[in-house]
Amino acid sequence: MAGRSLVQHAVESLTSAALVDQVVVAAPAAELDAFAALLGPGVQVIAGGAERIDSVRAALAVLDETVGVVLVHDAARPLTPPALVDTVASAVLAGAPAVIPVLAVNDTIKQIDDTGRVVRTVPRDVLRAVQTPQGFRRDVLDDAYRLSATLPPEVAITDDAGLVEALGVVVMTVPGAQEAFKVTRPADLVLAEALLAHR
């Protein structure tokens with residue numbers, strides 16, 4: 001995107017935030033040297049795992065002992081404003097055990113069955129789209145990852161806040177940012193490049 005990788009943009013969002021002291025990037029094991037060269041000496045690059053949960057677990061294991069608040073961020077959200085990073089971190093530092101940035105859902109949401117038939121319209125006023133970084137007290141996230149090994153396979157966990165919820169910990173929300181959208185399709189990349197050019 002604009003001549004730089006998504007992960008470079010995402011890391012810059014973190015390193016530009018006032019409250020971030022350490023950045024660990026989980027990368028494909030075969031590409032550690034390439035990622036390290038791309039990101040520079042101030043970023044620790046480690047081998048990620050087969051699944052997101054494995055990568056986050058590996059990153060947690062190498063964090064400095066002094067780190068009390070952990071932010072988990074996706075490289076696929078390269079334009080997350082540093083101010084949002086600090087907002088999430090500040091909410092955890094202020095006492096929340098877990099914090100996620102969210103946006104209101106604008107589209108009508110339908111629940112369907114396995115035949116594609118609409119079962120019901122879900123009220124969107126209680127729905128939120130979740131972004132990253134997600135922030136946690138270190139001890140809470142450590143406990144959640146210990147619990148993850150005991151969860152039954154039918155429990156679908158798609159983010160770290162889901163693991164913390166399974167632990168019974170309250171997850172709080174803060175307003176997200178439109179720019180923190182996830183780049184997953186070609187059209188997303190076009191939008192991200194346009195926003196970057198506008199900056």
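These values consider heavy atoms only, across backbone and side chains, with no hydrogens, waters or symmetry-generated copies.
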Query - Heavy-atom closest pair, residues Pro101 and Gly176 - result: CB-CA, 3.9 Å

**Report entry** Path from Val88 to Val164 over hydrophobic side-chain contacts below 4.5 Å
**Finding:** no

Query raised in the report: Hey, what do you get for CG (Leu141) to CG (Leu167), rounding to the nearest 0.5 Å?
Result: 10.0 Å

Query raised in the report: Just wondering, do Tyr145 and Val56 contact through their side chains at under 4.5 Å, heavy atoms?
Result: yes

**Report entry** Flag, side chain of Ser13 to backbone of Thr80, donor-acceptor distance under 3.5 Å
**Finding:** yes

Query - Derivation of the side chain to side chain donor-acceptor pair (under 3.5 Å) call for Asp64 and Thr66 - result: CA-CA 5 Å; Asp64 294 343; Thr66 56; 4.7 Å; no

Query raised in the report: Got a second to check how far Arg77's CZ is from Gln131's CD, nearest 0.5 Å?
Result: 5.5 Å

Query raised in the report: Do the non-hydrogen side-chain atoms of Leu147 and Leu163 ever get within less than 4.5 Å of each other?
Result: no

Query - Flag side-chain contact, heavy atom, 4.5 Å: Val25 against Val7 - result: yes

Report summary line: When every non-hydrogen atom of Ser148 is compared with those of Arg57, the smallest separation belongs to OG-NH2, 2.6 Å

Query raised in the report: Within a strict 4.5 Å, meaning less than it, do heavy atoms of the Pro97 and Val92 side chains meet?
Result: no

Query raised in the report: side chain to side chain contact (heavy atoms under 4.5 Å, CB included) between Gln44 and Val23: does it pass, once the steps are laid out?
Result: CA-CA 6 Å; Gln44 186 174 356; Val23 176; over 6 Å; no

**Report entry** Closest contact, heavy atoms only, Val171 versus Glu165
**Finding:** CG2-CG, 3.8 Å

Report task. Can you see which heavy atom on Pro123 is nearest to which on Arg120, and at what distance? Result -> CD-NH1, 4.2 Å

**Report entry** Residue pair Val105 / Ile109, side-chain heavy-atom distance below 4.5 Å
**Finding:** yes

Report task. Using the side chain to side chain contact (heavy atoms under 4.5 Å, CB included) rule, take Asp107 and Arg124 through it: C-alpha gap first, then chi angles, then the decisive distance, then the call. Result -> CA-CA 8 Å; Asp107 295 323; Arg124 65 183 175 197; 5.5 Å; no

Query raised in the report: Should Val69 and Phe136 be counted in the same cluster of Ile, Leu, Val, Met, Phe, Trp and Tyr side chains packed under 4.5 Å apart?
Result: no

Report task. State whether the number of non-hydrogen atoms from other residues, nucleotides or ligands found under 6.0 Å of Met1 atom CE is greater than 12. Result -> yes

**Report entry** Ionic contact status for Asp142 with Arg138, cut-off 4.0 Å
**Finding:** yes

Query raised in the report: For atom CG of Asp33, is the number of surrounding heavy atoms from other residues, nucleotides or ligands below 6.0 Å larger than 12?
Result: no

Report summary line: Rounded to the nearest 0.5 angstrom, the CG-CD distance for Leu38 and Glu31 is 10.5 Å

Query raised in the report: Would a hydrophobic clustering, with Ile, Leu, Val, Met, Phe, Trp and Tyr connected at side-chain separations under 4.5 Å, put Ile46 with Phe35?
Result: no

Query raised in the report: Which atom pair, heavy atoms only, marks the closest approach of Ala47 to Ala58?
Result: O-CB, 3.9 Å

Query raised in the report: Among the clusters formed by ILVMFWY side chains lying less than 4.5 Å apart, do Leu84 and Val102 turn up in the same one?
Result: no

Query - From Leu191 atom CG to Phe181 atom CZ, the distance as rounded to the nearest 0.5 Å - result: 4.0 Å

Requested in this report: Tell me, yes or no, whether the heavy-atom count around Gln111 atom CD, taken from other residues, nucleotides or ligands under 6.0 Å, exceeds 12.
Outcome: yes

Query raised in the report: Going by heavy atoms in the side chains, are Leu19 and Val85 under 4.5 Å from each other?
Result: no

Query raised in the report: Quick one: does Met172's side chain get under 4.5 Å of Val170's, heavy atoms only?
Result: yes

Query raised in the report: Are any side-chain N or O atoms of Thr132 and backbone N or O atoms of Val72, one a donor and one an acceptor, separated by less than 3.5 Å?
Result: no

Query - Approximate separation, where rounding is to 0.5 Å, of Asn106 CG and Leu103 CG - result: 8.5 Å

Requested in this report: Using a 4.5 Å cut-off on heavy atoms from C-beta on, say whether the side chain of Leu71 contacts that of Val20.
Outcome: yes

Query raised in the report: Asp86 and Ser90: side-chain donor and acceptor closer than 3.5 Å?
Result: no

Requested in this report: Could you state whether Val43 and Leu63 fall into the same hydrophobic cluster, counting links through intermediate Ile, Leu, Val, Met, Phe, Trp or Tyr residues with side-chain heavy atoms under 4.5 angstrom apart?
Outcome: no

Query raised in the report: In Å and rounded to the nearest 0.5 Å, what is the NE2 to CG distance from His198 to Leu79?
Result: 12.0 Å

Requested in this report: Ignoring hydrogens and angles, tell me if any N or O in the side chain of Asp54 forms a donor-acceptor pair with the backbone of Glu51 under 3.5 Å.
Outcome: yes

**Report entry** Arg52/Asp159 salt bridge by N-O under 4.0 Å criterion
**Finding:** no

Query raised in the report: So, Arg4 and Glu12, do they make that salt bridge, N to O below 4.0 Å?
Result: yes

Report task. Write down the atom of Val183, the atom of Ala192, and the distance for their closest heavy-atom approach. Result -> CG2-CB, 4.1 Å

